[in-house]
Novice: 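The structure that follows is given in the form of structure tokens.
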Amino acid sequence: MRLIVHEPSEAAWNMAVDEALLVAGIEPTLRFYGWSPHAVSLGYFQRIEEFRDLPPDTPVVRRLTGGGAIHHGDEITFSLTLDAASLPRDIGASYRLLHDAAVAALAAAGVPSRRLVAGPTTSRNPADRWCFAQPGRDDVVTERGKLLGSAQRRIRFPRARVLHHGSIVLNRPELTPFAGATADATTCTAAFAQGLRDLLGAHISRALAMDLQPGALTTAEQTLATRLCSGRYRDLEFVQRS
Amino acid sequence: MRPTDCKYQKTHEWCKIQNGIATIGITDYAVSHLSDLVFLDLPAKGASVKIGESFGEIESVKAVSSLYSPVNGEVIDSNKDLPDNLEWLAQEPFGKAWMIQVKVTAKSPDLLDAAAYDAHCKAEG
């Protein structure tokens, strides 16, 4: 499995790269990235009207994946793009596989957490607009709240592939004060964050039975990401679709 | 037994073409692998659809899945009541849970009959 570590970037570029890897990627890829500036990402089906109360000038991007909105600040963000056959066919089982790997990585980093085995799976209630507001079945939580929010996009043509991306909160962002955070258990230094990324890589690769090899975007992936960034993710019509 | 008057795609959409009009939906097999359906996005009347390209998306259990068109053509109708009644997909995937109707200009050369689609589903597991 290819390992890519990217510096924090603008929200539109982050989402463009994830889609490019889903659509044009050949090998399974685990990518770590960040958000500069901090931004809000909306789930694919969320309505922009429900977020008119965001602070002015908050960057907003729409994800290709579903679920609720996330305020991306000081966090570890990862995306996994691979052929669907490499994951359990059942969507819930694929979440459990990856979230169990995350719980193990967090424990090794000194952050206790657990995967919820019961609870709601998803909601159409606009009051649940934030991903981290209402922990549900298979979510990773601490005593304070939801710690890891993740979502998937699945395509079947030209190949059956999956994008699974997620955010582990390091320091609680201002718009989602109800979220759990690793800062509740430990001091989140740069060294801690790097160590947690390494542990996540090790546990996810073990769960998938794939070795990690450092790599970079191919020219084709880079070109597609550039086109998607300006053609979709920076396009206000896409951000504001309802 | 799946309807024998429909054609099927390996991506689990069905279509029934009569007098140049295709009625399109997703199969019981597709629905069985989606649970807790939440949202459905269908194209508007007048939209163009193309073989092998997504005509809509459906969200279930925190996964958004693309839906693929088996034909080229223009959307002449979409099932406006379906997004608010997603339980119909489990009840009547080939009936009242139809998704779009398209005036066909070309159809995919890879469409399967019911028997071949059944075999494809068995092979997928």
Side-chain angles (χ1 to χ4, degrees), chain A residues 19 22-23 42-47 62-68 70 84-85 87-96 98-99 119-126 128 131 134-139 146 148-166 238 241-242, chain B residues 8-15 24 26-27 29-44 47 49-72 82-87 108-112 117 120-125:
Chain A
E19 182 174 352
L22 171 67
V23 171
L42 305 183
Y44 187 76
F45 284 97
Q46 288 191 293
R47 299 176 66 234
R62 185 173 295 277
R63 302 191 304 268
L64 210 58
T65 56
I70 299 177
L87 281 173
R89 173 183 296 266
D90 178 75
I91 297 171
S94 71
Y95 270 83
R96 289 189 283 278
L98 296 172
H99 283 191
T121 50
T122 191
S123 170
R124 288 183 75 155
N125 187 348
D128 296 331
C131 170
Q134 179 66 37
R137 193 173 73 207
D138 295 328
D139 280 342
K146 184 169 172 177
L148 161 60
S150 57
Q152 289 186 3
R153 177 67 178 237
R154 289 178 171 243
I155 64 172
R156 291 201 216 97
F157 191 85
R159 287 177 11 247
R161 286 181 56 78
V162 178
L163 159 65
H164 182 111
H165 55 196
F238 179 69
R241 71 185 286 274
S242 57
Chain B
Y8 300 84
Q9 295 199 113
K10 288 184 176 178
T11 48
H12 307 293
E13 294 82 11
W14 60 265
C15 72
I24 297 166
I26 61 172
T27 68
Y29 182 91
V31 177
S32 70
H33 285 87
L34 303 167
S35 58
D36 300 304
L37 293 171
V38 190
F39 293 110
L40 172 65
D41 211 19
L42 295 176
V49 294
K50 288 187 182 166
I51 295 165
E53 291 187 7
S54 171
F55 69 81
E57 290 88 13
I58 190 162
E59 180 172 355
S60 72
V61 193
K62 294 191 276 190
V64 175
S65 299
S66 301
L67 310 170
Y68 297 95
S69 179
V71 300
N72 289 351
L82 182 58
D84 289 325
N85 293 282
L86 292 173
E87 68 276 9
S108 168
D110 300 321
L111 294 178
L112 306 172
Y117 178 68
H120 170 67
C121 292
K122 280 197 177 72
E124 274 202 357

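In what follows, chains carry the letters A, B, and so on, assigned in the order in which the sequence lines appear, proteins first and then strands, with residues in each chain numbered from 1. As the structure is a computational prediction, the values presented were derived from the model and not from experiment.
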Novice: Given a strict heavy-atom distance threshold of 4.5 Å, which part of B:Glu124 is in contact with chain A: side chain, backbone, both, or neither?
Specialist: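 Contact with chain A: backbone and side chain both.
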Novice: Is chain A contacted by the side chain of B:Leu40, its backbone, both, or neither, given a heavy-atom distance below 4.5 Å?
Specialist: backbone
Novice: Rounded at 0.5 Å granularity, tell me how far NE2 in B:His33 sits from CZ in A:Arg89.
Specialist: 4.5 Å
Novice: Taking all atoms of both residues into account, what is the closest heavy-atom pair of A:Arg156 and B:Ser66, and its distance?
Specialist: NH1-O, 4.2 Å
Novice: Could you look at A:Leu64 and say if it's the side chain, the backbone, both or neither that has a heavy atom under 4.5 Å from chain B?
Specialist: backbone
Novice: Should A:Arg153 and B:Glu57 count as side-chain neighbours, where that means a heavy-atom distance under 4.5 Å?
Specialist: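 Yes - at least one pair of side-chain heavy atoms lies under 4.5 Å apart.
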Novice: State, yes or no, whether a side-chain contact exists between A:Gln152 and B:Glu59 at a heavy-atom distance under 4.5 Å.
Specialist: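 No, their side chains stay 4.5 Å or more apart.
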Novice: Over 60° means perpendicular and under 30° means parallel, so tell me whether B:Tyr68 and A:Phe157 are parallel, tilted or perpendicular.
Specialist: tilted
Novice: If we only count heavy atoms from C-beta on, is the B:Asp41 to A:Phe45 side-chain gap below 4.5 Å?
Specialist: yes
Novice: Tell me, for A:Ser150 versus chain B, whether the close heavy atoms (under 4.5 Å) come from the side chain, the backbone, both or neither.
Specialist: backbone
Novice: Which answer fits A:Arg63, side chain, backbone, both or neither, if we ask what part of it has an atom under 4.5 Å from a heavy atom of chain B?
Specialist: neither
Novice: Please report the closest heavy-atom contact between B:Val64 and A:Gly66, naming both atoms and the distance.
Specialist: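 Where B:Val64 meets A:Gly66 most closely, the heavy atoms are CG2-N, 3.2 Å.
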Novice: Looking only at atom types and distance, does a side-chain atom of A:Arg154 sit under 3.5 Å from a main-chain N or O of B:Ser65, one as donor and one as acceptor?
Specialist: no
Novice: Please round to the nearest 0.5 Å and tell me the distance separating atom CG of B:Leu67 and atom CD1 of A:Ile155.
Specialist: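 B:Leu67 CG to A:Ile155 CD1: 13.0 Å, rounded to 0.5 Å.
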